[in-house]
Amino acid sequence: MTANGNGTGDILGPGIEIVAQQKLQPDAKMYGRMQRLGAFFKEQFGAEPDFFVRVPGRVNIIGEHVDYCGYSVLPMAVTQSIVLAVGSNPTELHQLQLRNLDQANFQNFQCDLKSLSVELPLPGGPAWYKYFMCGVRGIEEHLGRKKFSPIGMRIAVDGNVPLAAGLSSSSAMVSSAVLATAYVQGMKLDRKELASISAKCEQYIGTHSGGMDQAIAYLGREGCAHHIEFHPQLNGTPVILPAGKCFVVANSLAQKNKAASSDYNERVVECRLATRWLARHKNLSNWQEIIRFIDLEEACGMNNETFESFIKEKLTKLVYTRADICQEWGITEQELETKYLTANTQHMQQFKLRQRALHVIQESGRVVKFRKICEQLALHASEEDIKQLGLLMRQSHESLRELYECSHPDVERLIAISEKQNVSARVTGAGWGGCIVAMCDSQEDAAKYIKALKRDYYSQLPPHLLERHQPNDFNEVVFATLPGNGAELFVP
Ligand code: NG1
């Protein structure tokens, strides 16, 4: 099997691309980092690792909170990633041993692979190694107990994707565990298959997420963003971003651990309820089973515009109560809880069905427009088209703030500074804190914009954050980013 530049192997059949094994060369970008991790591995386990895995975080350019409704998104892989050094465990044959290079913050972990379990998180969020365990469990489930061999692994982890910042650190961890385990189990390493397994198994952590992060973690390619579609099946189309434009990521440093709160699942639940509500109004006999807007759109032959009008016509209230839903569907509150709410959304009393539905449908339209404009721009430059891209990003943010209510005061301060600099920006990822992504006209403009953010936002941070980030001139929290490669596997 040969690997081309991004570590994607020969295409094995229509649409099948694999993670090819690459030789770790001294000129590889990651060489220094892998050498350091290899040395740590040796210090911890007294042997050299057999292989390395690298899985990136991502920044989503547009298409927020739509993946779990079946709609497409437009992310790119970033250079920040999770790297694993992996070796076999010759003495304790079924043991998984995990060590994090950041020993001060992440405790060691060990477990027996013959009896895997990943319990739902306790308040405060899951321990770091649970994300890893999700990945191992995902492969076990995929292969089935009969085919899965509990082969022990020794693993050293090094991650530099900012945590709880909307850059998908959790999925990078889960996906890296999936890739390492799949390789050890001798699987074929089909990128799309691994992405689907990773998306499915991350749900063990308790978040009912879509598959965006895991998809781009595998399908990302240097130099382009990707239009990722989930329906009717997972598909990624490279999208060339407008020439000269420079994307900047700025971390508000308001951390949001999705798995430690119910906000994310509350939105998922509201979208599912809204879908059923509308499906019932369309007299679909299976309305209770339709839980993604895209399936409803398809079942009724609606397009983006007719869907939006339908929402406005049938979801007229600003707030729906439990009683509203129970009455309309002829169900009890207990049924509502057991059949329609998730484990961590049992407390919900009110549901903003109209606002959530409108956001999802309008945002899904913006993704399609964004891709189309990028394709037009690749053929001929147009100032008007560039303006449209900026407008779409701004509209996306406004909708996330107003209709989806997932912004944060610190994120809003970053957005206000961006507006003042005349830069289009939006919150990226799940929100409620985390990062914004901004589109600048050129490298020079990006440098000016970053300078303004450092002056007006980062220099004003509270002392404990200043102490941590100022010595490095805030370069880890605000940076220009280029689209990077998806998952890679290296052998020494
Ligand atoms: P973050 O929290 O930014 O990694 C989450 C979901 C995505 C998507 C975005 C919102 C996970 C693992 N990821 O991303 O699938 O729904 O929010 O667009 O939950």
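Position 1 is the first residue of the sequence; numbering continues from there. What's counted below: heavy atoms across the whole structure, side chains too, no hydrogens, waters or symmetry copies.
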Euclidean distance, Ile331 CD1 relative to Ile325 CD1, rounded to 0.5 Å: 7.5 Å

Looking at Thr316, is its backbone amide N or carbonyl O close enough to the side chain of Arg354 to form a donor-acceptor pair, meaning the two atoms are under 3.5 Å apart? no

Decide yes or no on side chain to side chain contact (heavy atoms under 4.5 Å, CB included) for Leu179 and Leu489, but give the supporting numbers first. CA-CA 8 Å; Leu179 178 54; Leu489 196 148; 4.2 Å; yes

Okay, side chain of Asn303, backbone of Thr306: is any donor-acceptor separation there less than 3.5 Å? yes

Regarding Arg280 and Glu328, does a basic nitrogen lie under 4.0 Å from an acidic carboxylate oxygen? yes

Counting only N and O atoms by type, is there a donor-acceptor contact under 3.5 Å from the side chain of Trp128 to the main-chain atoms of Gln107? yes

Please determine whether a side-chain nitrogen of the Lys or Arg among Glu141 and Arg137 lies less than 4.0 Å from a carboxylate oxygen of the Asp or Glu. yes

If I compare all heavy atoms of Gly70 with all of Phe230, which pair ends up nearest, and what's the gap? O-CB, 4.2 Å

Straight-line distance of Lys312 NZ to Phe307 CZ, nearest 0.5 Å: 13.0 Å

Would you confirm whether His65, through its side chain, and Ala430, through its main-chain N or O, come within 3.5 Å as a donor-acceptor pair? yes

Ignoring hydrogens and geometry, is there a side-chain-to-backbone donor-acceptor pair from Ser396 to Leu392 under 3.5 Å? no

Between Asn160 and Ser81, what is the shortest heavy-atom contact and its length? OD1-N, 2.7 Å

Going from NE2 on His208 to OG1 on Thr345, what distance comes out if it is rounded to the nearest 0.5 angstrom? 7.5 Å

Give, for atom CD of Gln362 and atom CD of Gln395, the distance between the pair rounded to the nearest 0.5 Å. 8.5 Å

Could you go step by step and tell me if Lys245 and Cys440 meet the side chain to side chain contact (heavy atoms under 4.5 Å, CB included) rule? CA-CA 6 Å; Lys245 296 284 167 261; Cys440 296; over 6 Å; no

Heavy-atom count around Glu476 CD within 6.0 Å, excluding the residue itself: above 12? no

Are the side chain of Arg322 and the backbone of Met348 linked by a donor-acceptor contact shorter than 3.5 Å? yes

Tyr129/Val157 under side chain to side chain contact (heavy atoms under 4.5 Å, CB included): CA gap, chis, key distance, verdict: CA-CA 10 Å; Tyr129 53 81; Val157 182; over 6 Å; no

Can Leu241 and Cys224 be said to form a side chain to side chain contact (heavy atoms under 4.5 Å, CB included), step by step? CA-CA 6 Å; Leu241 294 170; Cys224 42; over 6 Å; no

Take His347 and Glu337, measure what side chain to side chain donor-acceptor pair (under 3.5 Å) needs, and give me the verdict at the end. CA-CA 9 Å; His347 59 277; Glu337 284 169 10; over 6 Å; no

Can you tell if the side chain of Phe109 reaches within under 4.5 Å of the side chain of Phe132, non-hydrogen atoms only? no

Cationic N near anionic O, under 4.0 Å, Glu193 to Lys188: no

Electrostatic pair Glu270-Lys352, nearest N-O below 4.0 angstrom: no

Do the rings of His359 and Tyr404 sit parallel, tilted or perpendicular, given the 30° and 60° boundaries? tilted

Could you label the plane-to-plane angle of the Tyr264 and Trp432 rings as parallel, tilted or perpendicular, counting under 30° as parallel and over 60° as perpendicular? perpendicular

Rounded distance [0.5 Å steps], CZ in Arg394 versus CG in Leu389: 12.0 Å

Pair His397, Glu412 - check side chain to side chain donor-acceptor pair (under 3.5 Å), show working. CA-CA 10 Å; His397 182 76; Glu412 288 309 313; 2.8 Å; yes

Could you walk me through whether Glu405 and Arg356 pass the salt bridge (Lys or Arg N to Asp or Glu O under 4.0 Å) check? CA-CA 9 Å; Glu405 298 176 282; Arg356 311 310 185 217; 3.0 Å; yes

Under 3.5 Å, is there a donor-acceptor pair between the side chain of His226 and the main chain of Ile228? no

Measure across Ser176 and Ile82 and return the closest heavy-atom pair with its distance rounded to 0.1 Å. OG-CG2, 3.7 Å

side-chain contact (heavy atoms from CB on, under 4.5 Å) test vs Tyr183 passes for just one of Leu194, Ile139, Val178, Leu189, namely Leu189

Salt bridge check, Glu17 against Lys192: does any charged N sit closer than 4.0 Å to a carboxylate O? no

Using modelled atom types only, decide if a donor and an acceptor are shared between the side chain of Arg276 and the backbone of Ile291 within a distance under 3.5 Å. no

Without swapping roles, check the side chain of Thr207 against the backbone of Gln203 for a donor-acceptor pair under 3.5 Å. no

Distance-minimising heavy-atom pair for Gly206 and Asn265: O-ND2, 2.8 Å

Decide if atom NZ of Lys200 counts as having more than 12 heavy atoms of other residues, nucleotides or ligands within a radius under 6.0 Å. no

Nearest heavy atoms of Met76 and Pro483, plus distance in Å: SD-CG, 3.6 Å

When Lys146, Arg145, Lys147 are each screened for salt bridge (charged side-chain N to carboxylate O under 4.0 Å, His left out) with Glu140, the one that passes is Arg145

Does NZ or CZ of Lys130 come closer than 6.0 Å to the centre of the six-membered ring of Tyr204, within 45° of the ring's axis? no

Closest approach of Ser175 to Val55 (non-hydrogen atoms, all atoms of both residues): CB-CG1, 3.9 Å

Under 3.5 Å donor-acceptor, Asn304 side chain and Ile361 backbone: yes

Just wondering, are more than 12 heavy atoms of other shown residues or ligands nearer than 6.0 Å to CD in Glu398? no

One should read off an interatomic distance between Gln388 CD and Lys372 NZ, to the nearest 0.5 angstrom, of 11.5 Å

Is Arg272 close enough and on-axis enough to Tyr340, meaning under 6.0 Å and within 45°, for cation-pi? no

